Amino acid sequence: MNQKSVIQVKNLTKRFGTFTAVDNISFTVQKGEIFGFLGANGAGKTTAMRMLCGLSKPTEGSAIIAGFDIYQETEKIKRSIGYMSQKFSLYEDLSVNENIHFFGGIYGLSKKEIRERASLLIDKLGLKSASDKLVGSLPLGWKQKLAFSVAIFHNPKIVFLDEPTGGVDPITRRQFWDLIYEASDSGITVFVTTHYMDEATYCHRITMMVDGVIKALDTPSNLKEQYKAESIDEVFFELARNAKRKAD
Amino acid sequence: MNTLLVLLQKEFKQIFRNTLILRMIIAMPIVQLLVMPLAADYEIKNIEIAIVDEDQTALSRQLIHHISASGYFNLVSYGANYKKALQLIEKDKAVLALQIPSNFEKDLHKEDNGGLFLAINAINGMKANVGSAYLGQIIRSFNQELRLKTTVGYALPIMPLIEIIPVNWFNPLLNYRIFMVPGILVLLVTMIGSYMCALNIVKEKEIGTIEQINVSPIKKSHFILAKLIPFWIIGQFVFTIGLFGIARLVYGIVPEGNLLIIYGFLSIYLVAILGIGLLISTYSENQQQAMSLTFFFMMIFILMGGLFTPIESMPDWAQWVASLNPVSYFIEVMRMVISKGSQWQDLKSHFVVMTLFALFFNTWALLNYKKTS
């Protein structure tokens with residue numbers, strides 16, 4: 001396998017009783033790649049991502065994340081990844097600064113490191129005047145940008161984003177994607193699930209999951225060509241139409 | 001930087017930022033300790049009594065005087081109509097109705113046998129019980145006086161009299177508060193430990209921040225310790241306010257025994273109670289579930305903890321349940337040390353049992369707390 005691949009997934013399966021949420025998926029993600037994970041609600045995206053983060057144990061199959069085995073070395077994996085969940089995951093009753101210091105602290109960064117990086121980050125996000133405000137009082141768009149920045153604050157090899165831009169306005173979404181590109185340029189691999197098809201086109205490669213199975217995996221332009229579609233939207237409809245699982 | 005320190009910093013910031021919790025921490029011991037001991041008083045006074053005096057003699061009046069002079073009774077009606085007295089009971093206006101039948105004095109003197117009839121309103125079982133017991137006592141002593149009077153002149157009384165002279169050890173004046181306050185203090189610490197700890201952890205589950213903790217390299221033990229330590233300290237703080245601020249200043253209760261024993265036991269007890277809170281949090285998905293579960297256990301702990309009713313008078317199965325109740329041990333230790341001045345030797349077994357509780361609940365909680373699903 002390629003030296004530069006940071007996620008290697010082989011025949012990964014997760015069953016809950018008789019229900020197979022994720023069915024035998026395999027793929028590889030390269031360093032610095034923005035890897036989009038698409039699928040209808042209930043297609044198994046979140047379950048797959050939770051397994052890769054070490055939050056959920058796979059039933060079968062294997063995966064190597066940032067060079068570590070998903071069964072044996074989950075604690076090592078956790079040091080090398082960042083994660084941003086669907087639910088807002090910063091502490092609303094702590095200030096911007098306190099959140100940054102807390103999450104920096106639990107990843108073992110030194111106080112000095114945290115201080116330096118925090119001031120850079122706050123400048124970059126334009127949060128200088130709000131750095132002592134409680135996170136709960138910030139607008140959603142700012143919160144999401146901050147949550148992403150905190151997720152990559154400890155310089156992980158990979159960052160997992162689970163529908164990071166839900167409910168965010170288009171302008172903030174563009175800014176959010178600027179942050180993602182910046183992270184990717186600095187060598188962080190971005191693994192992102194989304195429902196927004198315009199966002200899918202921003203990804204280097206995308207997979208389409210239907211009923212727990214990967215139905216397509218390629219660059220956005222290749223997929224459009226392959227399905228003779230005008231947009232990723234159409235590709236998605238073409239694939240998701242035949243889904244047996246009802247969304248939600 | 002030490003991960004545990006970072007976590008602790010965060011917990012304390014969050015707790016002290018929550019003004020509702022802060023106010024509760026200060027107000028709860030003060031209000032509970034000021035209000036509950038005064039309200040939850042077992043000494044029953046002002047028992048409403050209706051007396052039906054059909055005899056209307058010097059003797060019956062003497063008896064009535066004895067009853068009203070005792071200070072326990074409140075004469076709500078006096079007359080010669082039994083029906084009317086019974087109506088008062090039916091209307092819940094009287095707890096007792098005492099009927100002195102018409103030939104009471106005559107029968108007593110001539111036939112050496114006088115009868116009284118007592119109707120008791122048993123809706124409030126405790127009041128009825130205590131009331132009839134008091135009344136029985138008064139009538140007995142009245143009877144004794146009568147006998148002494150009537151036997152004056154004989155060489156010996158017909159029956160030897162046995163008089164009991166009670167001495168109340170450890171609480172000479174039977175001060176109710178000395179009995180209640182230490183127990184209430186225990187309940188207070190128990191509530192703070194279990195509720196606050198359980199709710200705090202479950203809140204992280206509910207808002208989703210626990211996911212963020214679970215994908216981080218934080219060790220399970222660090223996360224749990226960071227949740228327990230703040231409430232352990234708060235528990236000690238609240239207990240100290242209660243013991244020195246309220247029990248001593250307001251009620252004048254000064255522990256007879258060693259404070260080190262009390263605080264030593266409290267320290268282990270808090271670990272056990274926090275373990276219960278932790279355990280509840282691992283079984284609940286949201287704060288509502290945690291509240292319901294904690295409430296369920298608290299009810300059992302409080303009612304079977306020996307605060308309101310003595311454990312010794314419970315049926316065997318209930319005593320068995322009480323022996324599994326950590327609250328009952330602490331209440332016992334508190335009472336023993338505060339009013340009796342019990343020493344380490346007397347309480348060794350309590351310490352052992354509480355340490356086992358602490359180990360048991362925390363191990364169970366730890367095993368049940370998962371970072372992965």
Side-chain angles (χ1 to χ4, degrees), chain A residues 14 16 46-47 49-58 65 70-71 73-95 97-99 101-114 134-136 147 150-151 153-154 156 158-160 162, chain B residues 1-25 196 199-227 229-231 282 285-287 366-373:
Chain A
K14 176 78 180 187
F16 296 104
T46 301
T47 311
M49 181 182 272
R50 287 174 58 87
M51 282 193 283
L52 301 184
C53 295
L55 283 173
S56 173
K57 274 223 152 33
I65 310 292
I70 201 171
Y71 293 97
E73 301 168 301
T74 46
E75 293 305 315
K76 279 186 191 153
I77 290 177
K78 283 172 183 174
R79 291 208 164 274
S80 333
I81 62 167
Y83 174 73
M84 181 179 163
S85 72
Q86 275 173 7
K87 281 187 177 177
F88 181 65
S89 47
L90 298 179
Y91 289 97
E92 305 229 338
D93 49 356
L94 294 180
S95 74
N97 234 328
E98 286 164 345
N99 265 295
H101 275 82
F102 172 69
F103 283 104
I106 59 177
Y107 281 97
L109 300 184
S110 76
K111 263 189 178 156
K112 194 171 153 249
E113 258 177 304
I114 294 174
L134 296 191
V135 164
V150 168
F153 192 73
H154 58 287
I158 310 158
V159 62
F160 291 90
D162 195 2
Chain B
M1 247 198 304
N2 191 329
T3 322
L4 183 60
L5 230 71
V6 175
L7 282 164
L8 277 174
Q9 243 175 24
K10 166 211 157 234
E11 293 302 331
F12 274 114
K13 269 185 198 148
Q14 286 183 306
I15 292 168
F16 286 116
R17 210 155 276 176
N18 191 335
T19 46
L20 186 76
I21 288 190
L22 254 191
R23 266 180 266 163
M24 239 172 72
I25 290 170
M196 286 194 173
L199 286 182
N200 186 296
I201 298 174
V202 174
K203 190 180 157 205
E204 294 228 16
K205 272 193 192 177
E206 210 174 85
I207 58 178
T209 42
I210 202 150
E211 286 275 87
Q212 205 65 42
I213 299 289
N214 286 346
V215 291
S216 79
I218 293 177
K219 283 197 194 86
K220 178 160 116 172
S221 55
H222 281 173
F223 179 73
I224 289 174
L225 271 177
K227 288 289 179 194
I229 291 171
F231 293 107
T282 62
E285 286 307 315
N286 51 51
Q287 297 190 60
L366 221 64
L367 291 176
N368 203 43
Y369 175 89
K370 296 183 201 89
K371 271 181 93 173
T372 47
S373 59

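Just so you know, these numbers use all the heavy atoms, side chains as well, and skip hydrogens, waters and symmetry mates. All figures in this text were calculated on a predicted structure; none of them were measured in a lab. Every chain is numbered from 1, with letters handed out A, B, ... down the list of sequences.
Contacts of A:I77 with chain B are absent, with no heavy-atom separation under 4.5 Å from either backbone or side chain. When heavy atoms are compared at a cutoff of 4.5 Å, A:F160 does not approach chain B at all.
Judged by distance alone, with hydrogens and angles left aside, the side-chain atoms of B:Q212 form a donor-acceptor pair with the main-chain N or O of A:Y83 at under 3.5 Å.
Crowding of B:K205 atom NZ: a count of heavy atoms from other residues, nucleotides or ligands under 6.0 Å exceeding 12. Residue-environment remark: NZ (B:K203) stays at or below the threshold of 12 foreign heavy atoms within 6.0 Å.
Residues passing the side chain to side chain contact (heavy atoms under 4.5 Å, CB included) test with A:F102, sequence neighbours excluded: A:Y91, A:I106, B:V6, B:L7, B:K10, B:I213.
Applying the salt bridge (Lys or Arg N to Asp or Glu O under 4.0 Å) rule to pairs touching residues 79-92 of chain A yields A:E92-A:K143, sequence neighbours excluded.
In plain terms, the two heavy atoms of A:L94 and B:R17 that are nearest each other are CA-NH1, 3.5 Å.
Within the 4.5 Å cutoff, side-chain heavy atoms of A:R50 are placed close to those of B:E211.
How far CG of A:L55 is from CD1 of B:I210: 11.0 Å, rounded to the nearest 0.5 Å.
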